[in-house]
Amino acid sequence: MTDTAADLPTLFDHQSAEATLYKEWLDAGLFTADPARAKRAGGDRDPFVIVMPPPNVTAVLHMGHGLNNTVQDVIVRWRRMCGDEALWLPGTDHAGIATQNVIEKQLGTEGKTRFDLGREAFIERTSRFVAETGGTILDQLRAIGASCDWSRTAYTLSPELSLAVREAFVQLHERGLIYRGHRVIHWCPRCLTSLSDEEAEHNEETGSLYHLRYPLADDPSRGITIATTRPETMLADVAVAVHPDDERYRELIGRTLTLPIADVQIPVIADEIGVDPAFGTGAVKITPAHDANDFDMGSRHNLSMPVVLSPEATMVNGADAGSRVPDHLIGLDRVEARARVVEMLRDSGVLVRIDSHTHAVRHCYRCDTVVEPRLSDQWFVKMKPLAEPALAAVHKRQIRILPERWEAVYVNWLENIRDWNISRQLWWGHRIPVWYCDACSEVTVAREDPAACPKCGGSVRQDEDVLDTWFSSWLWPFSTLGWPDKSTKDLEAFYPTDDLVTAPEILFFWVARMIMGGYAFMGETPFHTVYLHGTVRDMKHVKMSKSLGNGIDPLDVRAAFGTDALRYTVTAGLGMGADVMLDPNDLEKSFAPGRNFVTKLWNIGRFLLTNVGTDAVQPLDAIDPARLRRADRWILASLNNAISECDAALGPARPENGAWKESELYRGLRLSEYTESARRFVWNELADWYLESTKSRLAVGGADGEVARAVLAHSFDAALRLLQPVVPFITDILWRRIPIATEDRGDFIARAAWPVRDERFTPESEFEIVREAIVGIRQLRSDYAIPPGQRVQASLDTVGAGGFASRDATVFQEETAFLARSARTDLIDNDGSTMNGATILLSSGSRIHVSLEGVVDLEKECRKARTELEKLSAQLEALVKRLSNPGFTDRAPANVVEAERAKQTEWTARKAQLAEKVASLCGT
RNA sequence: GGGCGAGUAGCUCAGUUGGUUAGAGCGCCUGCCUUACACGCAGGAUGUCGGGGGUUCGAGUCCCUCCUCGCUCACCA
């Protein structure tokens, strides 16, 4: 704290500042949360907790992370200053399928597959890779100033969290919510695993609808035409279904068809659930092993389920298929097989026609391969019972989702929830804690690995599959705090957490499941606020991504403009739920708002601190209020206003009594509004006006100079505190040089108190008159292109503003020098005689008369004033008309009518003054 | 196809329960190197609030309808 203002360099050296400061913060334990200080564990502070959406362990920082973590950091830093015991818990996700893909790709370049290595070696290699590179993303988050409690860094595949995963699985099984299902699921033929419904994303695609005619076995001249988008699966057809009420096919029900190519006999059956007579031909081919809908129909009708596609989606005569697939098709990929089958069908005259058809095709969310419906055995979680409390939580307002519109999406999904397939045929992940007995049919689900079958003592083998990676993610808000050990201080102090900040893409994958998990395992909600921010896009509104090459590396931005500039740009541009547009080809332009602001703040600090000097200023409380000038009271009142605006934009931090009040449900977390309020205060109010107004006072010095120093120091101190959450580095450097005694405010700005209003200061109208006068004169000067060097004279004529009525220059005595400097105007006494010039109308009926003799074109000013008068007259006329309308005066609320009346009075006065102005300018 | 949302200044967006002359940031135009800042200062321009209809004394705000985008879900083969 012995730094002096004088040693501030001309430019902010963000490079060296960031590295030094971040280390200081860590050394001081600024971000380490202590459960003992939290109210729930006997302390005196409200806990405030955010668990970080864990990035994939293999991830490299991109703008999406930059945005997501900046938002969290701003919120956490704000709450920390507000006196909460703030915990931001970081970590990484083992990201089963994604990480496995990375390693498989590596193996691919060596010409190997995971099967060449074997399971053990593959896991070993992946673990090694994670150990070597897994910390990268977290290091990068440190580089952008993230105020995480790194001592609590978690990892979904750590021994502790693995324990939580197993406990969760066993508990759900004990409650009858986990079952083994034999059905058609989504299968990725590249990843060779099943996927949940959410992991199979559908895209609208234009494909072909093939119409095929299956002849009647006993009368090949007749047949039924069916339509399909996947003709290669026809080899696994076991029936053709029609609607029982469909007149066209009624007499064919029960007859037998010949399945072309495969040359097997299949029946015509009736099914009213699975067949829509209005679609296609009204007849559906049934392929139970390769279509979910057909599987249901097949089950209803007890049909066989031949498999003709291998896990890799090549043609095969699998279970129940006999020799349906001709030899020359076996081994062909499904795409190639499709072409061949279509050719064969065409040759045999079975292909009726091909229509163009738009339909939703499901793709693997990790590798974008078209998924294949596949019949298999998987573990499922029964979701309906879990969804109920998650739905109720939103209805009872225990949880709010911002922005509001996502709430409907959340509700809609939960109301139509389907069971969750949690088995993955992968190697990288949590092995499913299920053992099968080799001797009997016993299935064991256990917390501890069993050595033998508990029923018959036979040898057991564990299920080969691992769990969906999201099965560990949904436990994150409590598994990271020690669960299933319910006695940990962390869990007691920090659960439930507060805000969950993420992108809408993972609302179902993660957020909704976390809420369900919170109720299922902890009995209460994991957080009270879900904040879904927008996506980072390029100038064409295309989502930034590495593969598209339109990404921005936050570390490039940091190197060029500094972390603060990055954070400011992102925060200031982040409307509620709105996307952030940035130009990857022009970082200079994209991050100009942040860079410009940081530079401006630096220059304000340099100048202000140099002028204030290094001697400690008096505390504000110690200054006799009578010694405060209009300008002092004005900036302190403006500060109050800025604090209120920031508070309103950010808060409330949490609901009272566990449920959001209707009035607060969608308030707060408006980061762009908060940032703009703080910016406006420090730049447009403190720097543009107050700082300017003190220049002459500081030069004169003395007792008044001391007052100005104190107010400057105090206002700047508060401004920096308001800005600390957004721009923590530069504010720290400037703040510690403000000459206010350290014992009055602590060591680091990051744990200084958030500013509170000082109610002694109320809106200051008299200084506003000075501002208006200066702005008005500047306008005149600009309008008439009066050269900067030419001074003008003006006289003031104030009326009625409480003890501020005078016709001489002495009322502006305090600001004479300021006016002279800012408007290059000399104030003279008004002796009552008229001067040729312009009258500027100010608030409260005051006015300033500027002598324009010899400096301006009076004719032009005359025309301008006339136009203005006409406009005002018209507006006033409309107002008078409205006020004379009984419909308005009788029905409108009293305060509205009153406001309109006041407006009428004001406008009438202005009109009179304008008329006077016109007369003086235009002559008689 | 179901559900939801959006269309306000060139761009990105604010506009609380209908009620001052519809705002901000960026961009744009003009003039300034005024001894902290040209990454700056001062001044300025710009809107049939998507179209049409309705309710009302009064509509950007409420209702209907149409158009255009977007998100989300979905087993129409």
Side-chain angles (χ1 to χ4, degrees), chain A residues 8 10-11 184 197 202 209 226-230 241 274-276 278-287 291-297 357 359-360 373 403-413 415-416 504 507-508 539 541 561 565 572-573 575-581 588-589 592-611 663 666-667 670 672-673 675-676 679-680 687-688 691 775 778-783 785 787-789 821-824 871-872 875 878-879 882 885-893 895-897 899-900 902-903 906-907:
Chain A
L8 286 174
T10 318
L11 286 172
V184 170
D197 295 336
H202 29 59
L209 187 59
I226 54 92
T228 179
T229 53
R230 292 153 63 226
V275 183
D276 174 6
F279 183 87
T281 61
V284 190
K285 73 186 198 60
I286 298 186
T287 323
D291 184 280
N293 188 39
D294 292 4
F295 173 79
D296 291 342
M297 281 198 280
H357 180 63
H359 61 140
E404 186 183 354
R405 64 173 179 275
W406 286 105
E407 211 161 276
V409 177
Y410 170 89
V411 167
N412 192 267
W413 185 76
E415 283 176 344
N416 299 293
L507 181 59
F508 306 139
M539 302 316 279
H541 295 197
F561 312 116
M576 174 65 69
D579 292 337
V580 176
M581 311 312 169
E588 178 96 15
K589 187 181 161 202
R595 184 199 55 173
N596 295 356
F597 176 73
V598 167
T599 305
K600 180 68 182 184
L601 189 60
W602 183 251
N603 280 305
I604 293 170
R606 254 188 343 130
F607 184 67
L608 186 147
L609 293 172
T610 304
N611 279 282
S663 61
Y666 303 113
R667 303 248 170 233
R670 292 167 183 264
S672 58
E673 291 178 26
T675 306
E676 172 56 18
R679 185 207 68 83
R680 207 200 52 237
D688 287 352
L691 192 54
V775 168
R778 281 173 178 167
Q779 271 169 12
L780 271 183
R781 299 190 62 114
S782 174
D783 282 355
R821 188 191 147 81
S822 295
R824 292 166 185 273
K871 191 179 164 193
L872 183 63
Q875 284 166 348
L879 183 62
R882 192 183 329 165
N885 179 354
F888 172 69
T889 48
D890 295 352
R891 296 190 212 187
N895 60 327
V896 171
V897 176
E900 297 287 282
K903 196 165 71 183
E906 191 194 326
W907 288 8

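Order of the sequence lines sets the chain letters (A, B, ...), proteins ahead of strands, with each chain counted from 1.
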Remember a base hit wins even if backbone is also touched, and classify [X] as base, sugar-phosphate or nothing at under 4.0 Å, heavy atoms.
{"X": "A:V284", "value": "base"}
{"X": "A:F508", "value": "sugar-phosphate"}
{"X": "A:G573", "value": "nothing"}
{"X": "A:A292", "value": "nothing"}
{"X": "A:A360", "value": "base"}
{"X": "A:R670", "value": "sugar-phosphate"}
{"X": "A:D294", "value": "nothing"}
{"X": "A:W602", "value": "nothing"}
{"X": "A:R778", "value": "sugar-phosphate"}
{"X": "A:T599", "value": "base"}
{"X": "A:G282", "value": "base"}
{"X": "A:H202", "value": "base"}

Can you tell me if CZ on A:R778 sees more than 12 non-hydrogen neighbours from other groups inside 6.0 Å?
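It does: A:R778 CZ has more than 12 such atoms within range.
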
Spacing of the [atom1] atoms in [M] and [N] (rounded, Å):
{"N": "B:C28", "M": "B:U65", "atom1": "C1'", "answer": "38 Å"}
{"N": "B:A59", "M": "B:G51", "atom1": "P", "answer": "15 Å"}
{"N": "B:C39", "M": "B:G27", "atom1": "P", "answer": "11 Å"}
{"N": "B:G5", "M": "B:C62", "atom1": "P", "answer": "12 Å"}
{"N": "B:A45", "M": "B:A36", "atom1": "C1'", "answer": "30 Å"}
{"N": "B:A24", "M": "B:A14", "atom1": "P", "answer": "16 Å"}
{"N": "B:U17", "M": "B:G54", "atom1": "P", "answer": "25 Å"}
{"N": "B:A22", "M": "B:G50", "atom1": "P", "answer": "16 Å"}

Please tell me if the side chains of A:R679 and A:E676 come closer than 4.5 Å, counting only heavy atoms from C-beta onward.
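The answer is yes, as the side chains (C-beta and beyond) meet within the 4.5 Å cut-off.
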
Would you check if A:V598 and A:R595 make a side-chain contact, meaning some heavy-atom pair closer than 4.5 Å?
no

What does [N] pair with, Watson-Crick or G-U, if both distances are under 3.5 Å?
{"N": "B:C69", "answer": "B:G5"}
{"N": "B:C62", "answer": "B:G54"}
{"N": "B:C41", "answer": "B:G31"}
{"N": "B:C11", "answer": "B:G25"}
{"N": "B:U16", "answer": "none"}

Euclidean distance, A:M297 CE relative to A:D291 CG, rounded to 0.5 Å
7.5 Å

Gap between atom CD1 of A:I286 and atom CD1 of A:I226 - 0.5 Å precision
11.0 Å

Which pair of heavy atoms, one from [X] and one from [Y], lies closest together, and at what distance?
{"X": "A:P788", "Y": "A:R781", "value": "O-NH2, 3.6 Å"}
{"X": "A:G577", "Y": "A:P403", "value": "CA-CG, 3.7 Å"}
{"X": "A:I604", "Y": "A:A687", "value": "CD1-CB, 3.6 Å"}

Report the distance from atom [atom1] of [X] to atom [atom2] of [N], rounded to the nearest whole Å.
{"X": "A:N412", "N": "B:G1", "atom1": "CG", "atom2": "C1'", "value": "14 Å"}
{"X": "A:M581", "N": "B:U12", "atom1": "CE", "atom2": "C1'", "value": "7 Å"}
{"X": "A:E588", "N": "B:C39", "atom1": "CD", "atom2": "C1'", "value": "8 Å"}
{"X": "A:R606", "N": "B:G40", "atom1": "CZ", "atom2": "C1'", "value": "12 Å"}
{"X": "A:I286", "N": "B:C75", "atom1": "CD1", "atom2": "P", "value": "18 Å"}
{"X": "A:R824", "N": "B:G31", "atom1": "CZ", "atom2": "C1'", "value": "13 Å"}

Quiz question: going by heavy-atom distance under 3.5 Å, is there a donor-acceptor pair between the base of B:C37 and the side chain of A:K600?
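A donor-acceptor contact between them is present.
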
Between A:R667 and A:L879, who's closer to the 5' end of RNA chain B by nearest nucleotide?
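Mapping each residue to its closest nucleotide by heavy atoms, the 5'-most match is A:R667.
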
Taking for each residue the nucleotide of RNA chain B bearing the nearest heavy atom, is the 5' side occupied by A:T10 or by A:T229?
A:T10

Between [options], which nucleotide gets closest to the side-chain atoms of [X]?
{"X": "A:F888", "options": "B:C4, B:C57, B:C39", "result": "B:C57"}
{"X": "A:F607", "options": "B:G25, B:A77, B:A36", "result": "B:A36"}
{"X": "A:R405", "options": "B:G3, B:C4, B:C37", "result": "B:C4"}
{"X": "A:A408", "options": "B:C39, B:A77, B:C4", "result": "B:C4"}
{"X": "A:D276", "options": "B:U72, B:C76, B:A36", "result": "B:C76"}
{"X": "A:S782", "options": "B:A77, B:G43, B:C75", "result": "B:G43"}

Check this one for me: any side-chain N or O of [X] less than 4.0 Å away from OP1 or OP2 of [N]?
{"X": "A:N596", "N": "B:G40", "result": "yes"}
{"X": "A:Q779", "N": "B:A42", "result": "no"}
{"X": "A:H359", "N": "B:G1", "result": "no"}

Classify the ring geometry of A:H357 against A:F279: parallel below 30°, tilted from 30° to 60°, perpendicular beyond 60°.
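Perpendicular: the ring planes of A:H357 and A:F279 meet at over 60°.
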
